[in-house]
Engineer: 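Mind looking over this structure? Questions follow.
Computed from a predicted model, the values in this text were never measured in an experiment. No hydrogens, no waters, no symmetry mates; every other heavy atom, side chains included, goes into these values.
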Amino acid sequence: MAGETGMSVALRILIGLVLLGLLLWAFGSADIGARLRSAEPTWMVAAIACLLAQTALMAWRWQLVGRCLGLHFSLGWALREYLVAQIVNLTVPGGMVGDGARAVRSRAGEQGLKRAAQAVVLERAAGQVGLLVVGAAGLGWAVLSPHGLSLPPDLARGIAVAGLCVVAVGAFAFAFLRRGRIAALVSRCLPTGRIKAAHATLSLGAALLNVAAFAACARAVGVVLSPGAALLIVPLILTAMVIPLGIAGWGWREGAAAALFPVAGAAGSAGVAAGILFGVAMMIAAAPGIPLLIRGEKTGVRDRGRGAPE
């Protein structure tokens with residue numbers, strides 16, 4: 001088993017490296033390297049700030065979900081745990097190991113692991129819904145705005161088909177979620193209009209900050225993405241990162257950016273460079289979790305505190 005795990009890790013790392021190597025070869029390593037060397041630090045700082053703010057909103061969202069499920073921990077504790085989870089997810093294949101650790105460390109006693117896992121899963125799902133809504137807004141902008149993007153016919157058809165598939169899957173998921181235990185669980189996490197509004201605000205805010213961070217990385221390499229372009233293509237680029245082959249989306253993110261940047265009138269090489277900078281910004285933004293991870297703080301229920309506002 002250990003040998004298989006080691007082989008899996010090595011294979012994922014190799015896939016990411018091969019993809020990056022192919023992209024550098026296909027789009028010109030000299031051009032990409034020049035863009036990276038001349039990247040504007042101010043925009044990188046802006047990207048890192050957006051990612052840190054996004055982490056704070058996601059930690060707040062997790063605390064809110066946890067409280068509805070009977071798990072009580074302070075916002076500060078949630079933020080520390082989220083940073084630890086992020087640094088683990090960015091360095092370990094699969095991208096979910098850190099979230100599993102969050103569930104284990106937030107459980108209220110041995111019998112609370114199920115609820116803790118549910119809180120983590122629901123919190124992550126809310127984030128994906130937020131990103132989906134932002135992407136749908138970008139698609140609507142591109143289609144309806146008189147100054148929208150001029151999409152190539154093949155790409156427009158592809159996006160339309162993908163949009164219909166997403167709508168169909170969403171409709172099926174909505175119908176499924178309205179019944180049984182999952183519906184009861186979701187209803188428990190959304191008990192009042194105020195809580196629903198808070199979740200909507202936190203999820204949309206986190207998604208927009210993620211988009212803004214990538215747009216800042218693009219600006220750092222000389223590409224100015226219009227709001228419509230950013231809302232349309234960045235969610236698609238970020239979605240490519242969830243492909244479970246590789247580590248932290250390396251290779252897949254840059255490939256998606258190279259394919260989609262021409263939609264915004266930019267070179268594919270700029271997309272690769274922006275994707276690389278975004279990966280670096282993610283690592284820097286999650287870096288505060290390293291000392292917490294190394295220190296291995298004891299975080300039992302008694303240590304979590306209850307100081308978050310109601």
Side-chain angles (χ1 to χ4, degrees), residues 44-69 71 73-90 95-96 98-99 102-103 106 118-139 141 166 170 186 189-190 194-218 225 227 230-242 248-249 253 256 274-275 277-279 281-289 308-309:
M44 277 297 290
V45 172
I48 294 167
C50 287
L51 291 173
L52 286 170
Q54 179 201 26
T55 300
L57 293 187
M58 293 189 298
W60 192 357
R61 183 176 63 203
W62 178 36
Q63 184 206 26
L64 187 60
V65 174
R67 182 184 295 139
C68 292
L69 295 180
L71 303 170
F73 43 83
S74 69
L75 182 57
W77 185 89
L79 180 57
R80 292 194 298 271
E81 287 299 308
Y82 222 110
L83 287 168
V84 170
Q86 282 184 331
I87 200 66
V88 172
N89 286 343
L90 289 173
M96 296 295 290
D99 294 308
R102 270 201 294 144
S106 63
Q118 290 171 340
V120 170
V121 170
L122 288 174
E123 185 273 321
R124 287 294 297 263
Q128 294 303 311
V129 171
L131 191 62
L132 176 62
V133 171
V134 169
L139 180 59
W141 189 331
V166 169
V186 173
C189 292
L190 302 171
R194 184 173 65 87
I195 298 290
K196 292 176 183 177
H199 274 296
T201 301
L202 292 173
S203 295
L204 290 176
L208 289 172
L209 283 169
N210 211 2
V211 171
F214 198 98
C217 290
L225 294 177
L231 291 175
L232 175 63
I233 69 174
V234 174
L236 296 173
I237 294 170
L238 298 177
T239 300
M241 294 176 59
V242 304
R253 174 183 58 240
L277 283 186
F278 185 76
M282 289 178 64
M283 292 295 295
I284 295 174

Engineer: Output, in order, the C-alpha distance, side-chain angles, deciding distance and verdict of side chain to side chain contact (heavy atoms under 4.5 Å, CB included) for Asp99 and Val88.
Structural biologist: CA-CA 9 Å; Asp99 294 308; Val88 172; over 6 Å; no

Engineer: Mind listing the closest non-hydrogen atom pair of Ala230 and Pro235 along with its distance?
Structural biologist: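 Shortest heavy-atom separation between Ala230 and Pro235 comes out as O-CD, 3.4 Å.
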
Engineer: Determine whether His199 and Val65 satisfy the following criterion, side chain to side chain contact (heavy atoms under 4.5 Å, CB included), listing intermediate values before the conclusion.
Structural biologist: CA-CA 9 Å; His199 274 296; Val65 174; 3.2 Å; yes

Engineer: Would Arg102 and Glu81 pass as an ion pair if we require N to O under 4.0 Å?
Structural biologist: no

Engineer: Testing the basics here: between Val211 and Val134, what is the closest heavy-atom pair and its distance to 0.1 Å?
Structural biologist: CG2-CG1, 4.1 Å

Engineer: Taking all atoms of both residues into account, what is the closest heavy-atom pair of Leu83 and Pro288, and its distance?
Structural biologist: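 That closest heavy-atom pairing would be CD1-CB, 4.0 Å.
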
Engineer: With distance as the sole test, does Gln63 use its side chain to make a donor-acceptor pair with the main-chain N or O of Phe73 at under 3.5 Å?
Structural biologist: yes

Engineer: Please report the interatomic distance CZ(Arg124) to CD(Gln128), rounded to the nearest 0.5 Å.
Structural biologist: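 Between Arg124 CZ and Gln128 CD, I get 6.5 Å after rounding to 0.5 Å.
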
Engineer: What distance separates Leu64 CG from Leu122 CG, expressed to the nearest 0.5 Å?
Structural biologist: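 That separation rounds to 11.5 Å.
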
Engineer: Distance from Asn210 atom CG to Ile237 atom CD1, nearest 0.5 Å?
Structural biologist: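 Those atoms lie 11.0 Å apart.
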
Engineer: Search all heavy atoms of Gly127 against all heavy atoms of Arg61 and return the closest pair with its distance.
Structural biologist: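 For Gly127 versus Arg61, the nearest heavy atoms are CA-NH1, 3.5 Å.
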
Engineer: Would you please classify the geometry between the Trp62 ring and the Tyr82 ring as parallel, tilted or perpendicular, with 30° and 60° separating the classes?
Structural biologist: perpendicular

Engineer: Enter the distance from Leu57:CG to Leu52:CG here, rounded to the nearest 0.5 Å.
Structural biologist: 11.5 Å

Engineer: Identify the two heavy atoms, one from Gly130 and one from Leu204, that lie closest to each other, and give their separation to 0.1 Å.
Structural biologist: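 That would be O-CD2, 4.0 Å.
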
Engineer: Give the minimum heavy-atom separation between Ala119 and Leu71, together with the two atoms involved.
Structural biologist: CB-CD1, 4.1 Å

Engineer: Supply the atom-to-atom distance Met58 CE to Leu79 CG, rounded to the nearest 0.5 angstrom.
Structural biologist: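 Spacing of CE (Met58) from CG (Leu79) equals 10.0 Å.
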
Engineer: If you measure from CG on Leu75 to CZ on Arg80, what distance do you get to the nearest 0.5 Å?
Structural biologist: 10.0 Å

